[in-house]
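This report concerns only the one structure given below.
In what follows, every heavy atom counts, from backbone to side chain, and hydrogens, waters and symmetry copies are set aside.
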Amino acid sequence: MRRREFIGRSGLIGAAASTFFGRRSSAQSLSKRPVIAWAGAPPAGTPAGTNVPQFILDLAFGNFAKGLSDFGYVQGRNVDVIKRFDMFADRVPTMEEMVALVKPDIIVAPSTLEAVAARKATSTIPVVCAALADAVHLGLIASDARPGGNVTGIEPYIAGLPTKQIELAREIAPMARSVGLLTNKVDPKGPPQVGDLRTACQSLGFSVVEADANTPNEIPGALAALANEKVDVVVVLQTSLFLVRCEQIGAVALEERLRTVFGYREHVIHDGLVSYGVDLRWCFRRVGYFVDKILRGVRCGDLPIEFPTKFWLAANLNTAKALGINLPAGLLARADEVIEQRQMLRWMTPEMAHRLRSAGAPTCRLRGVGRKFAVEC
């Protein structure tokens, strides 16, 4: 049996990790230390003024910081890390502005979208991406074995994974006939997944209903459309927008009484039902290896793309209880992570919270003041 981990929300990396590296506070000795630019920023469609959720900072930047530490890099001593979203108080600079102002030795791109923007901004500065997708088609690399240009990194999307996710959908809904896909096609990671998921559904005899959402405001309507089509289970694509908005997706899916399958464990931490896929914590931490190699003189284009070899299965018993279903014992026995402690379900209006409590979570109670409610289970 694989290792199981029973956690609550407190199991995430401490908030202090997000401030492990700050801005360049002084000019002292900057010329003697390599400069790394963290290119992360809110995904396209995020409303102006929206902060990056702390759990995303912990997941992405926090694990990147750990990866640097693994190879002996300490902020202010032998490396300087500049966070793009901290450069200006009133806005996030463009990639071109960041490159011109920071003049980094290495750019770290959390996702493909930032890698594409970084490649457009510079063809000489090495770019390491923690979550590459469709990199050859996008012109970022020549091949996985020999990227050849100034982009390399980790590709967390693995061939065959969609079939496993559809098999997981059948396991949590044995009588299912239709699968809903919540898509995000403007993300480069989206279209390849849609094609593979359609093929996997066809091979297993499922009909497919799709609903696309490319901004946070489109997510509730897309999930409602899938519920109105009476799909038996919903598979949510692995994209940057959906990861950042996983609390919203989890809450709306519960309101719509939808069984959900994800590729990232972070969705299950935030009230999704089950997930199976790569562990993004490893991907972001592994960036430290690439940074170390480049700083030691290895050409970026000579560092092969890496693929995760470990897949992570997570399940949320709180969500199963709220939906009024029992997850299979075999699934729980295989799971690497089972969430069963108390959680707070955010993104709830009072109407949504009352409907959830009355429909499927009678042991939950409402907490909050005015229009700001949550359900505590």
Side-chain angles (χ1 to χ4, degrees), residues 40-53 55-56 59-60 110-114 116 131 133-134 156-157 161-162 165-166 169 178-198 200-201 206-275 277 280 319 323 345-349 351-352 355-356:
T46 301
T50 301
N51 293 324
V52 177
F55 80 89
I56 292 292
L59 168 67
S111 74
T112 306
L113 290 171
E114 288 94 355
V116 170
D134 208 19
Y157 185 67
L161 182 58
Q165 291 171 338
I166 298 302
S178 64
V179 171
L181 302 182
L182 180 62
T183 65
N184 175 206
K185 294 179 182 177
V186 300
D187 190 307
K189 296 187 292 295
Q193 294 178 61
V194 174
D196 288 348
L197 285 166
R198 287 173 183 161
C201 286
F206 290 114
S207 62
V208 177
V209 179
E210 298 176 22
D212 199 45
N214 295 305
T215 69
N217 289 338
E218 293 175 352
I219 291 173
L223 287 170
L226 294 175
N228 289 339
E229 291 290 335
K230 301 188 184 309
V231 298
D232 297 301
V233 63
V234 172
V235 178
V236 178
L237 265 61
Q238 300 162 223
T239 70
S240 299
L241 173 65
F242 290 166
L243 179 62
V244 170
R245 305 297 290 191
C246 64
E247 287 183 296
Q248 179 190 22
I249 292 172
V252 175
L254 274 174
E255 185 207 5
E256 299 291 350
R257 313 291 295 159
L258 293 170
R259 305 184 191 200
T260 48
V261 176
F262 301 91
Y264 298 141
R265 63 176 286 278
E266 285 68 29
H267 284 280
V268 176
I269 298 295
H270 294 92
D271 310 321
L273 183 57
V274 295
S275 69
L280 286 176
T319 300
L323 292 172
L345 308 179
R346 300 190 180 98
W347 293 98
M348 289 283 179
T349 64
E351 292 79 9
M352 291 168 64
R355 284 178 60 185
L356 175 61

Straight-line distance of Tyr157 OH to Leu237 CG, nearest 0.5 Å: 7.5 Å
Heavy-atom closest pair, residues Val252 and Pro220: CG1-CA, 4.0 Å
Non-hydrogen atoms of Ala131 and Lys189 that approach each other most closely: O-CD, 4.4 Å
Separation between CZ of Arg198 and CG of Leu181, rounded to the nearest 0.5 Å: 8.0 Å
Side-chain (Asn214) to main-chain (Lys185) donor-acceptor, under 3.5 angstrom: yes
Side-chain heavy-atom pair Gln238, Pro156 within 4.5 angstrom cut-off: no
Asp134 and Thr112: CA distance, side-chain angles, deciding distance, side-chain contact (heavy atoms from CB on, under 4.5 Å) verdict: CA-CA 8 Å; Asp134 208 19; Thr112 306; over 6 Å; no
Gap separating the CG atom of Asn217 from the CD atom of Gln248, nearest 0.5 angstrom: 7.5 Å
Working for side-chain contact (heavy atoms from CB on, under 4.5 Å), residues Ile219 and Ile249: CA-CA 7 Å; Ile219 291 173; Ile249 292 172; 3.7 Å; yes
Atom pair CD (Glu210) and CD (Glu229), whose distance is rounded to the nearest 0.5 Å: 12.0 Å
Step-by-step side-chain contact (heavy atoms from CB on, under 4.5 Å) determination, Ile166 to Val261: CA-CA 8 Å; Ile166 298 302; Val261 176; over 6 Å; no
Asp187 side chain vs Leu241 backbone, donor-acceptor pair below 3.5 Å: no
Side-chain donor/acceptor of Thr319 to backbone N/O of Asp271, under 3.5 Å: yes
Side-chain donor-acceptor contact under 3.5 Å, Gln165 with Gln193: no
Glu266 side chain to Cys246 backbone, donor-acceptor under 3.5 Å: no
Euclidean distance, Phe262 CZ relative to Phe242 CZ, rounded to 0.5 Å: 10.0 Å
Residues Thr239 and Asn184: side-chain donor-acceptor under 3.5 angstrom: yes
Ala222 to Ala211 - nearest heavy-atom pair and separation: O-CB, 3.5 Å
Asp212 side chain near Val186 side chain, heavy-atom distance below 4.5 Å: no
Heavy-atom pair of closest approach, residues Asp196 and Pro162: CB-CG, 3.5 Å
Minimal non-hydrogen separation, Leu223 against Ala253, with atom names: CD1-N, 4.1 Å
Geometric class of the His270/Phe55 ring pair [parallel <30°, tilted 30-60°, perpendicular >60°]: tilted
Derivation of the side-chain contact (heavy atoms from CB on, under 4.5 Å) call for Leu59 and Leu243: CA-CA 11 Å; Leu59 168 67; Leu243 179 62; 4.0 Å; yes
Inter-residue atom distance Leu226.CG - Asp232.CG, 0.5 Å rounding: 12.0 Å
Side chain Ser178, main chain Ser207, donor-acceptor under 3.5 Å: no
Shortest non-hydrogen contact from Leu113 toward Pro188: CD2-CD, 3.2 Å
